[in-house]
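Here the structure is laid out as structure tokens; the discussion comes afterwards.
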Amino acid sequence: MTTLVLAGHGTRSARGEETLAGLRDLVREGRRGTRVEQAFLEISSPPLADVLVEVPGPVVVVPLLLAGGYHVHIDLPTVVAGARPDATVTAPLGPHPLLAAVLARRLAAAGLRAADSVILGAAGSSDPAALADVRAAARLLSVRISRPVTAAFAATGTPSIAEALERLRSGPAPRIALASYLLAPGFFQERLEASGADLVAAPLGVDADLAALVWARFDQACPAPVTSDSDRRHLVSARPVLEERNDRW
């Protein structure tokens, strides 16, 4: 049996760790016959290397990361190569239409109005490909909510959140809404909440679409027969993942 290992970045936020544990539990519920473990690249426990060494049989690692960058292209492959070179590592979670669906729900829950301007706020990266992934996610969200969406960054990347806010303040929209392109509460979510936007959505968090996306990544790396109605629903809901890497919008 193939084991799914969820590889997160790690966080010092207790709420963030609770959120990621909740996502892990939801993923487990999706396919109770498949072993699911959670591990982290840094800060949080257990470390990814330790989990990879202990898990028997074939392993598929799904990065709980929303874009490419150092952790996807350097850090994660290095850990896997040293601890479990036979493991398969999938693409990161984003960009993907299922993430756009979750983002739209978080904005609606925060009180998004028809006339609001929208920023997609991400942590950022020094890797241009990672920034391009976030901009692709902004385009998907734009289609989902039928209005322009500006990608902006809390740390590294342009425009910064502050620059995007300043630019949109000069426009006609009465309010600016900030969608959080983060998985869980923590340092960067606090930055978004302190940005001065009129409303800030919650992180992606624990969501059935996010769990379905994890299983879609797993299925790409480890095709398996569909054995239940639950599996069929997961595969149908996540079907766009099969084409996404060949079509960068």
Side-chain angles (χ1 to χ4, degrees), residues 3-28 35-55 59-85 87-94 99 102-103 106 120-127 129-131 133-134 137 152-157 160-161 178-195 200-207 210-211 213-214 217-218:
T3 297
L4 165 61
V5 176
L6 302 170
H9 173 271
T11 177
R12 292 183 174 85
S13 167
R15 288 181 58 216
E17 289 191 336
E18 290 171 3
T19 299
L20 294 174
L23 177 58
R24 175 205 61 205
D25 292 345
L26 187 60
V27 170
R28 282 177 175 166
R35 180 173 177 176
V36 176
E37 299 292 342
Q38 188 168 52
F40 298 92
L41 290 166
E42 57 184 56
I43 304 171
S44 300
S45 293
L48 176 59
D50 291 356
V51 171
L52 290 176
V53 168
E54 294 171 359
V55 173
V59 175
V60 171
V61 179
V62 177
L64 291 185
L65 302 167
L66 299 174
Y70 174 81
H71 290 297
V72 169
H73 300 303
I74 305 296
D75 198 10
L76 180 57
T78 299
V79 173
V80 172
R84 193 62 178 270
T88 300
V89 181
T90 76
L93 297 180
L99 294 178
V102 181
L103 289 166
R106 297 293 178 266
L120 180 65
S125 173
S126 59
D127 184 344
L131 303 184
D133 281 348
V134 176
F153 305 95
T156 306
S160 67
I161 300 293
L178 186 53
S180 174
Y181 200 48
L182 302 168
L183 281 175
F187 175 76
F188 286 112
Q189 180 66 20
E190 291 173 2
R191 278 199 174 188
L192 298 187
E193 292 171 354
S195 66
V200 179
L204 293 160
V206 181
D207 191 278
L210 197 51
L213 179 53
V214 168
R217 293 293 191 222
F218 178 87

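Predicted model only: the values in this text are computed from it and were never measured.
Contact check for L4 versus V214: side-chain heavy atoms found under the 4.5 Å cut-off. Taking the side chain as every heavy atom from C-beta outward, P203 and T19 never approach each other to under 4.5 Å.
For the residue pair L192 and A154, the shortest heavy atom distance occurs at CD2-CB, 4.4 Å. Minimum heavy-atom separation, P46 to V51: CG-CG2, 3.6 Å. Counting all heavy atoms, side chain and backbone alike, A39 lies closest to V5 at CB-CG1, 4.3 Å. For A152 against S160, the heavy-atom pair with the smallest separation is CB-O, 3.7 Å. A130 and A67 make their closest contact through O-CB, 3.7 Å (heavy atoms, listed as atom of the first residue, atom of the second, distance). For S13 against G186, the heavy-atom pair with the smallest separation is CB-CA, 3.7 Å.
A distance of 10.5 Å separates CZ of F218 from OG1 of T90, quoted to the nearest 0.5 Å. Atom CG of L20 sits about 11.0 Å away from atom CG of D25, to the nearest 0.5 Å. To the nearest 0.5 Å, atom CG of residue L26 and atom CG of residue D207 are 8.0 Å apart. Separating the CG atom in L182 from the CZ atom in F188 is a distance of 8.0 Å, to the nearest 0.5 Å.
Put simply, the side chain of R84 gets close to the backbone of V55: a donor and an acceptor are under 3.5 Å apart. Not one N or O on the side chain of R106 forms a donor-acceptor pair closer than 3.5 Å with the backbone of A202. In terms of modelled atom types and a separation under 3.5 Å, the side chain of R15 and the main chain of P185 share no donor-acceptor contact. Between the side chain of R28 and the backbone N or O of V36, at least one donor-acceptor pair lies under 3.5 Å. One N or O on the side chain of S44 and one on the backbone of T11 form a donor-acceptor pair closer than 3.5 Å. Remark: the backbone N or O of E37 is not paired with any side-chain donor or acceptor of R24 at under 3.5 angstrom.
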_Using the rule given for side-chain contact (heavy atoms from CB on, under 4.5 Å), can you reason through V102 versus L213, listing the C-alpha separation, both sets of side-chain angles and the distance that settles it, and then say yes or no?_
CA-CA 11 Å; V102 181; L213 179 53; over 6 Å; no
_Does Q189 form a side chain to side chain donor-acceptor pair (under 3.5 Å) with S180? I'd like the steps, not just the answer._
CA-CA 7 Å; Q189 180 66 20; S180 174; 2.6 Å; yes
*asked:* What verdict does the side-chain contact (heavy atoms from CB on, under 4.5 Å) test give for L210 and L183, after you've listed the backbone C-alpha separation in whole Å, the side-chain angles of each residue and the deciding distance to 0.1 Å?
replied: CA-CA 10 Å; L210 197 51; L183 281 175; 3.7 Å; yes
*Given the rule in the side-chain contact (heavy atoms from CB on, under 4.5 Å) test, do L93 and V62 qualify, once you have shown the distances and angles that lead to the verdict?*
CA-CA 8 Å; L93 297 180; V62 177; 4.1 Å; yes
*Could you go through the side-chain contact (heavy atoms from CB on, under 4.5 Å) check for V61 and L52 one step at a time?*
CA-CA 9 Å; V61 179; L52 290 176; 3.8 Å; yes
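The only option from L48, V89, I74 that meets the side-chain contact (heavy atoms from CB on, under 4.5 Å) definition with V79 turns out to be L48. Put simply, the residue from V134, L120, I161 that forms a side-chain contact (heavy atoms from CB on, under 4.5 Å) with F153 is V134.
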